[in-house]
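Whatever order the structure lists ligands and atoms in, that order sets their numbers, starting from 1.
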Amino acid sequence: MDYVKLINCMRCGMCLPSCPTYKETFLETASPRGRVALVRKIQEGELDPSERLLEYLSLCIDCQACASACPCGVNAGELVAEFTCERKAGSRLGFMEELVLRKLLPHPDRLEASMAPMRLYQRMGLQKLVRTLGILKMFPKPLARMEGLLPDLPERPLRRVIKEDMPARGEARGTIGFFLGCVMSLIFSDASRATIKLLTLLGYRVITPKNQVCCGAPNMLAGDLEGLKTAARKNVELFGGVDLDFIVTDCGGCGAELKKYGHHLNDSSSASFSGKVRDISQVLAMHADALKLLLRPLPLKVTYHDPCHIAHCQGIRREPRELLKLVPGLEYRELENADACCGSGGTYNIEKPEMADLILRRKLDTIRATGADVVVTGNPGCLLQLKKGLIDHLPQVKIMHLTELLAQSIEA
Ligand code: SF4
Ligand code: SF4
C-alpha cells in the first residue's frame with residue numbers, strides 16, 4: 001500500500017457528510033476519515049487488526065463518495081479495499097470464495113449452468129409459491145436475502161444467444177468491443193440487447209467475444225487480487241486480438257474495474273485496453289445529434305440514480321442526464337443526492353443487510369419526493385437493489401437501465 005496516500009488525509013472532515021455509513025451511525029470509526037486513520041495506525045504498527053477493528057473497516061461499502069468529496073485526493077474506500085487485499089494475500093480462500101471466485105466466475109459456461117436451477121425454480125412457479133407462503137422466513141438469512149433480490153430471469157443468458165459479430169447499420173463509424181458483464185448477460189439481458197442495438201444503429205460494428213470472463217470486480221471485493229489479475233490478463237489478451245475503437249460496457253461496476261486493468265497489471269497492453277474502455281453513456285453522448293433523430297416521444301416523468309461505480313469511480317455524471325433529456329416528451333426530474341449509494345455494493349446488501357437497508361431507505365425517500373414514474377440507472381447492482389426496494393415500498397415506480405429506456409423511445 002502506498003503510505004503517502006494514507007498521510008495525505010489532513011482530517012478536515014469534508015468527506016463525512018457524503019459517507020453513507022457515517023450518515024447512519026455518526027461513528028468516527030465508520031467514516032472515511034476514521035477508516036484512513038485506522039488503516040494508517042495498523043500500517044504504523046500502533047494498532048493490531050483486531051476482529052472489531054476489521055469489522056469497522058468491512059462496514060465500508062466502497063462507494064467512493066468520499067473520494068469525490070476529498071480536497072486532498074484521498075480515497076478511503078480504495079485504501080480499505082487495498083488493505084483487505086494485502087491482508088489476505090498469500091492466505092487460502094475459504095470454501096465458498098474458492099468455489100465462486102475460482103471455479104465459477106472465470107468460466108462463463110459453468111456460471112450459466114449454475115443459474116439453471118434458479119431458472120427452473122421460476123419457470124415451475126416455485127418462486128411464486130415460496131414467496132406467497134412466506135416460506136422464505138425458514139431459509140438461512142443470506143439465502144432468503146438473495147432469493148428476495150432475484151428478479152425474473154431471461155429464457156437464456158444473452159451470451160448464448162447474441163451473435164459475436166454484429167454489423168453496423170447505415171454509415172459505418174467504427175468497431176466496438178462489447179464487454180458483456182456476467183449479471184447483465186444472466187439477468188438484465190434486455191438492457192444489453194438494447195445497448196448492442198443502439199450502437200449498431202449509430203453505425204458501429206459490435207464484437208462481443210464469447211470467451212470473455214468476469215471483469216474481476218468480485219475478486220477485488222473479496223480481497224483476491226491474484227484472481228482479479230488472472231481475469232484481467234485473459235480479457236486483455238482476448239480484446240487485444242481485435243482492432244477496436246472502444247471497449248464498451250453497460251455495467252458500471254465492470255467499467256470501473258476494466259479501467260483499472262492498466263494499474264493492476266502495469267504493462268502496455270493492459271494500459272491500452274483500459275484507455276479504450278468507455279461506459280455506454282459516454283459513447284452514446286458522443287453521437288447525441290444522430291441519436292436524437294431516432295428517438296420518439298415517451299411521455300414519462302424520469303429521474304436518474306448515479307451508480308457509485310459510474311459517478312464516483314469513473315466521474316461520469318453529465319452524459320446519462322443529457323441522453324435522457326434528448327427524449328421528446330420525457331420530463332426529467334433531478335434526484336436529490338442522486339450520487340448517494342443505494343446500498344447495493346456488490347454482495348454488501350447480503351453480507352450487511354441492516355446497513356444496506358438503512359442506506360436504501362434514504363434513496364427511496366428521495367425517489368418518492370421526485371414523483372417520477374421511472375428511475376433510470378446504469379449498473380446491475382443498483383438495478384437489483386432498487387428493483388427490490390421499489391417493489392416493496394414504491395410499486396408504482398419502475399426501474400430501467402438507460403439503454404432500455406432509449407431503445408423503448410426508438411421503438412415507441
Ligand atoms: S479523507 Fe479527505 S476529506 Fe476526509 S478528512 Fe481526510 S483529507 Fe479531509
Ligand atoms: S467508500 Fe463509501 S462507505 Fe467507504 S468510507 Fe468512502 S464514503 Fe464511506
Side-chain angles (χ1 to χ4, degrees), residues 1-44 49 52-87 217-218 220-223 252-253 255-257 259-260 305-317 336-363 366 379 381-382 385:
M1 175 176 292
D2 187 352
Y3 183 66
V4 176
K5 289 185 193 167
L6 289 168
I7 58 172
N8 274 350
C9 174
M10 59 175 180
R11 301 173 197 167
C12 63
M14 285 179 71
C15 52
L16 267 55
S18 54
C19 175
T21 56
Y22 179 76
K23 280 195 277 191
E24 298 302 337
T25 60
F26 291 111
L27 286 172
E28 181 68 16
T29 40
S31 78
R33 181 174 62 185
R35 288 180 178 126
V36 174
L38 289 177
V39 173
R40 180 176 171 178
K41 289 294 168 195
I42 295 172
Q43 296 294 93
E44 289 172 350
R52 188 151 160 242
L53 201 147
L54 294 176
E55 181 63 27
Y56 278 132
L57 292 179
S58 73
L59 201 62
C60 170
I61 196 168
D62 197 15
C63 64
Q64 304 197 11
C66 47
S68 294
C70 178
C72 305
V74 178
N75 187 334
E78 202 169 76
L79 287 169
V80 171
E82 278 179 26
F83 169 76
T84 310
C85 278
E86 280 183 16
R87 201 177 60 80
M220 191 66 193
L221 268 177
E257 206 55 64
K259 286 180 179 179
K260 284 193 274 188
H305 159 70
D306 288 284
C308 303
H309 283 99
I310 293 185
H312 301 303
C313 301
Q314 300 185 60
I316 302 165
R317 291 180 167 82
E336 191 187 341
N337 292 328
D339 64 356
C341 182
C342 65
S344 166
T347 52
Y348 187 95
N349 51 359
I350 295 166
E351 287 160 12
K352 307 264 186 257
E354 291 86 11
M355 181 57 76
D357 282 349
L358 290 171
I359 298 171
L360 172 65
R361 198 193 55 199
R362 276 183 197 265
K363 180 59 68 177
T366 56
N379 186 50
C382 308
Q385 171 83 340

*Asks:* Kindly say whether His309 contributes a backbone atom to a donor-acceptor pair with the side chain of Gln64 at under 3.5 angstrom?
*Replies:*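 No, because the side chain of Gln64 does not come within donor-acceptor range (under 3.5 Å) of the backbone of His309.
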*Asks:* Which of the numbered atoms in ligand 2 are under 4.0 angstrom from any heavy atom belonging to Gln64?
*Replies:*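 Counting from 1, the qualifying ligand atoms are 1 (S), 2 (Fe).
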*Asks:* Can we say Lys41 and Glu44 salt-bridge, meaning some charged N sits less than 4.0 Å from an Asp/Glu carboxylate O?
*Replies:*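 Yes.
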*Asks:* Looking at atom 6 (Fe) of ligand 1, what's its closest protein heavy atom, distance included?
*Replies:*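 Checking every protein heavy atom, the shortest distance to atom 6 (Fe) of ligand 1 gives Cys9 SG, 2.4 Å.
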*Asks:* If we ignore hydrogens and angles and just use 3.5 Å, is the side chain of Lys363 paired with the main-chain N or O of Ala338 as donor and acceptor?
*Replies:*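 Yes: the side chain of Lys363 pairs with the backbone of Ala338.
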*Asks:* Within the side chain of Asn349, is there an N or O that forms a donor-acceptor pair under 3.5 Å with the backbone of Gly343?
*Replies:*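 Checking the backbone N and O of Gly343 against the side chain of Asn349, no donor-acceptor pair under 3.5 Å is found.
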*Asks:* To the nearest 0.1 Å, how far is atom 4 (Fe) of ligand 2 from its closest protein heavy atom, and which atom is that?
*Replies:*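 The answer is Cys60 SG, 2.3 Å.
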*Asks:* Is there a donor-acceptor pair under 3.5 Å between the side chain of Lys5 and the backbone N or O of Asn75?
*Replies:*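 Here the side-chain-to-backbone pair does not exist.
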*Asks:* In the protein, what heavy atom is nearest to atom 8 (Fe) of ligand 1, and what distance, to one decimal place, separates them?
*Replies:*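 Atom 8 (Fe) of ligand 1 sits closest to the protein heavy atom Cys12 SG, 2.3 Å.
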*Asks:* Any idea which protein heavy atom is nearest atom 2 (Fe) of ligand 1, and the distance to it?
*Replies:*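 Going by distance alone, atom 2 (Fe) of ligand 1 is nearest to Cys70 SG, 2.3 Å.
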*Asks:* Any Lys/Arg nitrogen of Glu336 or Arg362 sitting under 4.0 Å from an Asp/Glu carboxylate oxygen of the other?
*Replies:*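 Between Arg362 and Glu336 there is no salt bridge, as every charged N stays at least 4.0 Å from the carboxylate O atoms.
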*Asks:* Does one side chain, of Thr21 or Arg35, offer a donor that lies under 3.5 Å from an acceptor on the other?
*Replies:*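 The answer is yes; a qualifying pair exists.
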*Asks:* What distance do Asn379 atom CG and Asp306 atom CG have between them, rounded to the nearest 0.5 Å?
*Replies:*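 Reported value, rounded in 0.5 Å steps: 11.5 Å.
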*Asks:* Under 4.0 Å, counting heavy atoms only: does Gly13 come that close to any atom of ligand 1?
*Replies:*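 Per 4.0 Å heavy-atom rule, Gly13 contacts ligand 1.
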*Asks:* Roughly how far, to the nearest 0.5 Å, is the SG atom of Cys72 from the CG atom of Asn8?
*Replies:*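 It is 6.5 Å, given to the nearest 0.5 Å.
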*Asks:* May I ask you to identify the nearest protein heavy atom to atom 3 (S) of ligand 2, giving residue, atom name and distance to one decimal place in Å?
*Replies:*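 Ranking protein heavy atoms by distance from atom 3 (S) of ligand 2, first comes Ile61 N, 3.5 Å.
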*Asks:* Return the OG1 to OH distance between Thr29 and Tyr22, rounded to the nearest 0.5 Å.
*Replies:*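 Rounded to the nearest 0.5 Å, the OG1-OH separation comes to 10.0 Å.
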*Asks:* If you count the atoms of ligand 2 from 1 in the order shown, which ones are under 4.0 Å from a heavy atom of Gly77?
*Replies:*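 Per the distance check, 1 (S).
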*Asks:* Nearest protein heavy atom to atom 7 (S) of ligand 1, by residue and atom, and its distance?
*Replies:*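 Nearest neighbour among protein heavy atoms for atom 7 (S) of ligand 1, to 0.1 Å: Met10 N, 3.4 Å.
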*Asks:* Contact between Gly73 and ligand 1, counting heavy atoms under 4.0 Å?
*Replies:*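 Under 4.0 Å: no for Gly73.
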*Asks:* Does the shortest distance from atom 4 (Fe) of ligand 2 to an N/O/S atom of Cys19 fall below 2.8 Å?
*Replies:*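 No.
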*Asks:* Which of the atoms of ligand 1 are close to Pro71, meaning less than 4.0 Å from one of its heavy atoms?
*Replies:*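 Ligand 1 atoms under the 4.0 Å threshold to Pro71: 3 (S).
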*Asks:* To which protein heavy atom is atom 5 (S) of ligand 2 closest, and what is the distance rounded to 0.1 Å?
*Replies:*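 For atom 5 (S) of ligand 2, the nearest protein heavy atom is Arg35 NH1, 3.1 Å.
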*Asks:* Strictly distance-based, threshold 3.5 Å: is any side-chain N or O of His312 a donor or acceptor partner for the main-chain N or O of Ala67?
*Replies:*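 No, His312 side chain to Ala67 backbone: no donor-acceptor pair under 3.5 Å.
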*Asks:* At a threshold of 2.8 Å, where the distance has to be below it, does atom 2 (Fe) of ligand 1 have an N, O or S atom of Cys72 nearby?
*Replies:*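 Within the cut-off used here (under 2.8 Å), Cys72 places no N, O or S atom near atom 2 (Fe) of ligand 1.
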*Asks:* Which of the atoms in ligand 1, numbered in the order shown and given with their element, are less than 4.0 Å from a heavy-atom of Cys15?
*Replies:*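 Answer for ligand 1: 1 (S), 3 (S), 4 (Fe), 5 (S).
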*Asks:* Within a distance under 4.0 Å of any heavy atom of Arg33, pick out the atoms of ligand 1 and give their elements.
*Replies:*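 In order of numbering, the contacting atoms are 5 (S).
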*Asks:* What atoms of ligand 1 come closer than 4.0 angstrom to any heavy atom of Arg11?
*Replies:*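 Heavy-atom distances to Arg11 below 4.0 Å select 5 (S), 6 (Fe).
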*Asks:* Atom 2 (Fe) of ligand 2 and Cys66: any N/O/S contact shorter than 2.8 Å?
*Replies:*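 Under 2.8 Å: Cys66 has no N, O or S contact with atom 2 (Fe) of ligand 2.
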